[in-house]
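Notes follow the structure.
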Amino acid sequence: MAAYADIIIDLQTPTLDRTFQYSIPPELQERAEVGAPVTVPFGNGKKPRKGYIVDLSDTAKIDPAKIRPIADIPNRGLTIEDSLVELAYRIRRRYGGSLYDALRTVIPSRQKTVAVPKRKVRRVIGIAELAKRRMELPARETAKARLYDALAVTEEIPYELVTGKLKITRQALAKAEEDGILTVAEVRREEENPGEGLTVTLNDEQIRAAETVAASIGMHRVFVLHGITGSGKTEVYLKTIASVLEAGGQVIVLIPEIALTYQTVLRFYRCFGDRVAFVHSKMPAGERYRIREKAKNGEISIMIGPRSALFTPFERLGLIIVDEEHETSYRSELTPRYHAADVAVERAKLCGIPVILGSATPSLQTFYRCEQGEYTLLTLSHRAKEGAVLPTTHIIDLREELKARNYSVISRSLHAAIEDRLERREQVMLFLNRRGYAGFVSCRSCGYIAKCPHCDVSLTYHSDGTMRCHYCGHRAVYERKCPECGSSYFLPFGRSGTQKIEELVQKEFPKARVLRMDADTTKATEDYETILTEFAEGRGDILIGTQMIVKGHDFPKVTLVGALAADLSLGVPDYTCAERTFDLLAQAAGRAGRGELPGEVFIQTYRPDHYAVTAAAESDYRSFYETEIRYRRTCGYPPIRHMLTVTGSHRKEGVLESAMERLAAAIAAAAPEAVAIGPAPAPLKKKNDMYYRVIHVRHADIEVLIRAKDAADAWMHADGDGTGLTFDMD
Ligand code: ADP
Ligand code: ZN
Ligand code: ZN
């Protein structure tokens, strides 16, 4: 039994961003466990403060005489805060890090908020009149056009949505008010209109999906809604949400930041009006906190947002929806490195409620669980809109281009297709997958990629003339001659950035208006929305970018999408690279021809026969899944087995190397049944003068890996020589 407890006090006070030690009186020993809510004396205040135990220990950190006892440990499980603490506890257990970090993820610190009057923009002229004025607008009045279009869809729009996501300036709004088009009015009473905007008649598959979920209200079940882009998943969400609201529940909808567009938010708003709130990461902390408080007080029923919205303190949470569940942005980059889709399932389990994971290309792990019968699969098999069809896809073999002495990044047939679109005044999207790290070695003539004989991941070129495996450390000497076909085009892949491609495209199509979107041109969410808006409004013919541009946007005039180098992502030293490539290409294929005009997709590749490429071209998730799962099974990668990646970091390379050897031994001792590989250099071996090494531990039972993780954590404190550790589960 521990004598002392580390306690974090009053979670919401940012100034108390640390823990304090208290002693545990004998009568409270039984209830003193990590995560338990407590009351303690604090400072000179008479009133005891609320806190949570984050750690237990037998040693006093300060003079024991100065440590005060815990006042009480009330029975837990009562408040929403307590249940979020329980969730934090589970996150820490699975993903590592301190409970403190986990708590901070789940419960943000209190922020100053200012009361903002709730205002709405309301259309005051008839729809015909609005249409007439829209026709009369000069082409350059794009902001007004946006506003009119939005008002044509909904009579009333929250003020913040108009000035925020829709980017209409206050002046422009005032002008429109003067012109008698709209009024800006304060809302006195919250209006309720659950489900009013549900106007689409669902098809049979949608009805079946919505009814199956609705039948599980109040029970924990995980549903996977699998359907290509445009198959009507969002309509199923809306219908299901209406059922949950009717039953008195509240709903969290997670949408990746990049897909959280004005159109999406508006669709939810149209259906559920003031009961909807949305958050995004660029919002001021105070504003996000205010919305959180409203959620806690039951003033809203639906919260839409990225990752962090998962921790909305709804007392009557009845359903969680995770849209685009396969998206990598659901994994947090900060400790604890949790995955929001997995934590959503965990929260749903805690609350005893259903959860829907929706995607056109479910993650292997999710689909595997459907196959195992753990999750329930709901399928939407075709596009919902009358007449909407899948685009035609062409796979272009880049080796043929080389043979024909075409050294451009754009193949001959793609070139012709672009010219054709420019002539027809339709739009083109070209993208480059930037997950392609510089450094892997491939043959430009036959497509062969140098791979590790032990790990089935590609080798990385190093400037000392070797090729190395970042998983196990295997080395081979680099030679320019291809071991497969003997050509002398066996070369490391450099990073040919989007900027270079922009120059090239501009040179090949001098008359085209070219826009570029990548991390350089888009520092903030605002910037990428600006570029996308520009493109959507027809102020560009060709949009060039990284994978960002293919996610979740609707451009009716885009009839051609080109993946410039589909293989780049196949060469990444990571067992998920085929899955990522498939996702991206399948999403890209879903982009073209979403409007009235038929679409075409060109996939340029050195490996036209790779299953990730061919399956994506056919939009055939199932065939991709079958092949990929066989590979994972052979190699023992997730989801067949779980994999824990332990990354160690230190400023001194030598210290790190010997420490990681000792860590590997400690892990082997704690979890002898697991397979441990490494230590090996991390994909990014050195960053900001920090060295990184990794150990991969695999086992079918996640509990074994949790044991390995806890052992690694204990080792770090005892014998780590200052080595920092981060953990990645699967
Ligand atoms: P997803 O979320 O799967 O991409 P959406 O729900 O956005 O698909 O639907 C795509 C388009 O098809 C939307 O414009 C939507 O209004 C329309 N739609 C969805 N379901 C139906 C339906 N049953 N009948 C007619 N149109 C539909
Ligand atoms: Zn290897
Ligand atoms: Zn070759």
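Sequential numbering from 1 along the given sequence is applied to the chain's residues. Order of listing sets the numbers, starting from 1, for every ligand and every atom in it.
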message: Has Lys233 got a side-chain atom pairing as donor or acceptor with Gly227's backbone, closer than 3.5 angstrom?
response: yes

field: Which of the ligand 1 atoms, numbered from 1, are nearer than 4.0 Å to a heavy atom of Thr229
entry: 4 (O)

message: If you take the centroid of each ring, where Trp contributes its six-membered ring, are Tyr611 and Phe624 closer together than 6.0 Å?
response: yes

- request: With heavy atoms under 4.0 Å as the rule, classify the contact between Thr201 and ligand 1 as side chain, backbone, both or neither.
  value: backbone

- prompt: Hey, which atoms in ligand 1 end up nearer than 4.0 Å to a heavy atom of Asn203?
  reply: 23 (N)

task: Specify whether Tyr338 and Phe311 have parallel, tilted or perpendicular ring planes, treating 30° as the upper limit for parallel and 60° as the lower limit for perpendicular.
output: perpendicular

- request: Tell me which part of Ile228 gets within contact of ligand 1: side chain, backbone, both or neither, using heavy atoms under 4.0 Å.
  value: backbone

task: Mark yes or no for whether His220, through its side chain, and Ile353, through its backbone, hold a donor-acceptor pair below 3.5 Å.
output: yes

statement: From the list Arg134, Arg123, Arg133, salt bridge (charged side-chain N to carboxylate O under 4.0 Å, His left out) partner of Asp149 resolves to Arg134

field: Proximity of Gln206 to ligand 1 by residue part, where a heavy atom lies under 4.0 Å
entry: side chain

Heavy-atom nearest option to atom 3 (O) of ligand 1, drawn from Lys233, His226, Glu324, Glu235: Lys233

field: Gly232: numbered ligand 1 atoms lying under 4.0 Å from its heavy atoms
entry: 1 (P), 3 (O), 5 (P), 6 (O), 8 (O), 9 (O), 19 (C)

query: With a 4.0 Å cut-off, would you call Glu426 and Lys557 a salt bridge?
result: no

- prompt: Which part of Arg267 is near ligand 1, with near meaning a heavy atom under 4.0 Å away: side chain, backbone, both or neither?
  reply: side chain

- line: So the atoms of ligand 1 within less than 4.0 Å of a heavy atom of Ser231 turn out to be 3 (O), 8 (O)

message: Less than 4.0 angstrom from a charged side-chain N to a carboxylate O is my criterion; do Arg275 and Glu299 meet it?
response: no

- prompt: Just which atoms of ligand 1 are under 4.0 Å from any heavy atom in Leu202?
  reply: 23 (N)

message: Whether Arg424 and Asp420 form a salt bridge (side-chain N of Lys/Arg under 4.0 Å from carboxylate O of Asp/Glu) is what I want to check.
response: yes

query: For Gly227, is the nearest heavy atom under 4.0 Å from an atom of ligand 1?
result: no

